[in-house]
Q: 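Please read through the structure below; I'll follow up with questions.
Model, not experiment: these values are computed from the prediction.
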Number of protein chains: 2
Amino acid sequence: MTIKEVSEKFNLSKDTLRFYEKKGLIGPVKKTKSGIRDYEGQDLKRIEFIKCMRNAELPIDVLKKYIDLYKSGKETKEERKKLLENQQKILKAKIDKMQKAYKLLTDKIDLYNSGKIDEYLDISIKNN
Amino acid sequence: MTIKEVSEKFNLSKDTLRFYEKKGLIGPVKKTKSGIRDYEGQDLKRIEFIKCMRNAELPIDVLKKYIDLYKSGKETKEERKKLLENQQKILKAKIDKMQKAYKLLTDKIDLYNSGKIDEYLDISIKNN
DNA sequence: ATAAACTTTAGAGTTAGGTCTAAGTCAATA
DNA sequence: TATTGACTTAGACCTAACTCTAAAGTTTAT
């Protein structure tokens with residue numbers, strides 16, 4: 001699969017794919033004798049994982065660390081698990097914050113919709 | 001209230017508070033005759049709102065835009081509402097992505113816990 | 001009254017995560 | 001065969017959101 005196809009499949013720019021590879025998040029991807037990347041099944045799976053984690057804003061170095069641990073074999077199992085649990089915790093905290101902001105936004109929009117918005121103090125929601 | 005107190009109350013650095021003010025997100029904050037900031041009730045409310053929105057990663061320029069609209073009066077009501085609704089939509093999409101990643105992380109951790117983790121292909125979850 | 005611990009400003013520096021450019025190679029088409 | 005278009009690389013550049021620095025003024029404690 002060419003870089004263009006992968007780029008379209010995952011909606012990631014070609015630059016980003018090469019950038020992730022340079023960072024060690026994916027690959028090294030197989031190349032044709034003339035040096036053109038040819039992505040294989042395992043690459044696609046990895047890209048999918050990375051994309052999902054990046055969507056959730058897990059930092060590139062954390063993902064890199066996980067992959068490096070993975071590459072160094074069974075004895076890193078515990079460490080990998082801890083890394084994942086830690087990221088899970090961080091992610092949960094983020095989701096909570098976002099949901100709080102979402103609720104605030106929703107309440108504000110409700111005020112606009114009901115015409116009750118205070119034109120002079122609409123920055124904060126009345127009372128909570 | 002001094003910048004130090006506000007900084008501690010909201011757990012935002014003093015630099016960040018001054019930065020937000022320079023950007024027009026808060027203030028201009030009242031100053032003593034010698035030029036020291038003295039934050040008042042309305043400032044604190046604004047800071048709380050900004051902090052909540054920044055926790056949810058709403059961009060500074062978007063918040064700035066909202067505040068500018070707010071400052072220019074009643075006739076911007078519709079535009080403000082649209083801006084909020086748009087951000088709400090974006091935020092919902094982000095939360096969805098994060099929840100998807102959260103689930104993937106949870107599933108992976110479960111694999112580690114049940115000892116079923118594939119040592120050679122643990123980058124992606126089996127089957128879905 | 002003098003040191004320590006604040007505060008101010010303008011502006012430079014940092015970090016993460018891409019994105020773009022230039023110069024070159026290669027394969028397929030007109 | 002020439003040109004078009006996609007690919008390669010190294011490395012420069014970009015943006016957002018801080019964060020830090022320097023030089024100066026102010027307030028508090030002893």
Q: For DNA chain C, whose closest nucleotide is more 5', that of B/T2 or that of A/D61?
A: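 That would be B/T2.
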Q: Roughly, in whole Å, what's the span from CG in A/L12 to C1' in C/dG17?
A: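 Atom-to-atom, A/L12 to C/dG17, this comes out as 13 Å.
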Q: With a non-hydrogen cut-off below 4.0 angstrom, is A/K14 in contact with a base, only sugar-phosphate, or nothing?
A: sugar-phosphate
Q: If you only use heavy atoms from C-beta on, which nucleotide in D/dA6, D/dA17, D/dT19 is closest to the side chain of B/S13?
A: D/dT19
Q: Could you give the NZ-to-C1' distance, from B/K22 to D/dC18, as a whole number of Å?
A: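 About 11 Å, once rounded to whole Å.
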Q: Picking from A/E78, A/R80, A/K82, what satisfies side chain to side chain donor-acceptor pair (under 3.5 Å) with B/Y112?
A: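 Looking at A/E78, A/R80, A/K82, the match for B/Y112 under the side chain to side chain donor-acceptor pair (under 3.5 Å) is A/R80.
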Q: With DNA chain D as reference, determine whether B/I60 or B/I36 sits nearer its 5' end, using the nearest nucleotide of each.
A: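 Nearer the 5' end of the strand: B/I60.
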Q: Is there a side-chain contact between A/K31 and the phosphate of C/dT25, meaning an N or O under 4.0 Å from OP1 or OP2?
A: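 No, A/K31 has no side-chain N/O under 4.0 Å of OP1/OP2 on C/dT25.
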Q: Has A/Y20 got a side-chain N or O lying under 4.0 Å from the OP1 or OP2 atom of C/dG18?
A: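 Answer yes for this pair, as a side-chain N or O of A/Y20 is under 4.0 Å from OP1 or OP2.
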Q: So, is B/S34 close to the D/dT27 phosphate, meaning a side-chain N or O under 4.0 Å from OP1 or OP2?
A: yes
Q: Between P on D/dA16 and NZ on B/K23, what's the gap in Å once rounded to a whole number?
A: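 The answer, rounded to whole Å, is 8 Å.
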Q: In whole Å, I'd like the distance from the CZ atom of A/F19 to the P atom of D/dC13.
A: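 Computing the A/F19:CZ to D/dC13:P distance gives 18 Å.
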Q: Nearest whole angstrom, please: distance from the P of D/dT26 to the CG of B/D38.
A: 17 Å
Q: Say whether A/N55 and B/K94, considering side chains only, have a donor N or O and an acceptor N or O under 3.5 Å apart.
A: no
Q: Taking only the side-chain nitrogens and oxygens of B/R54, find out if one of them lies under 4.0 Å from OP1 or OP2 of D/dC18.
A: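 Yes, such a contact exists.
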Q: Of B/D15 and B/E5, whose closest DNA chain C nucleotide lies nearer the 5' terminus?
A: B/E5
Q: Please report the distance, rounded to the nearest Å, between NZ in A/K64 and C1' in C/dG18.
A: 18 Å
Q: Do B/K51 and B/N11 have side-chain atoms, one donor and one acceptor, less than 3.5 Å apart?
A: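 On atom types as modelled, these side chains do not qualify, holding no pair under 3.5 Å.
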Q: Check whether any side-chain nitrogen or oxygen of A/R18 sits under 4.0 Å from OP1 or OP2 of D/dT9, and answer yes or no.
A: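 For D/dT9, OP1/OP2 do not have a side-chain N/O of A/R18 under 4.0 Å.
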Q: Is B/K97 close enough and on-axis enough to B/Y102, meaning under 6.0 Å and within 45°, for cation-pi?
A: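 Because its charged atom misses either the 6.0 Å distance or the 45° angle limit, B/K97 does not stack over B/Y102.
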Q: So, is A/R37 near the phosphate of D/dC7, with a side-chain N or O under 4.0 Å from OP1 or OP2?
A: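 No, outside the criterion.
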Q: Rounding to a whole Å, what distance do you find between B/E57:CD and D/dT15:C1'?
A: 15 Å
Q: According to a hydrophobic-cluster definition based on side-chain heavy atoms being under 4.5 Å apart (Ile, Leu, Val, Met, Phe, Trp, Tyr only), do B/I109 and A/I50 belong together?
A: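 Per the 4.5 Å side-chain linkage, B/I109 and A/I50 are co-clustered.
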Q: Round to a whole Å and report the spacing from CG of B/L58 to C1' of D/dA16.
A: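 Rounded to whole Å, this separation is 14 Å.
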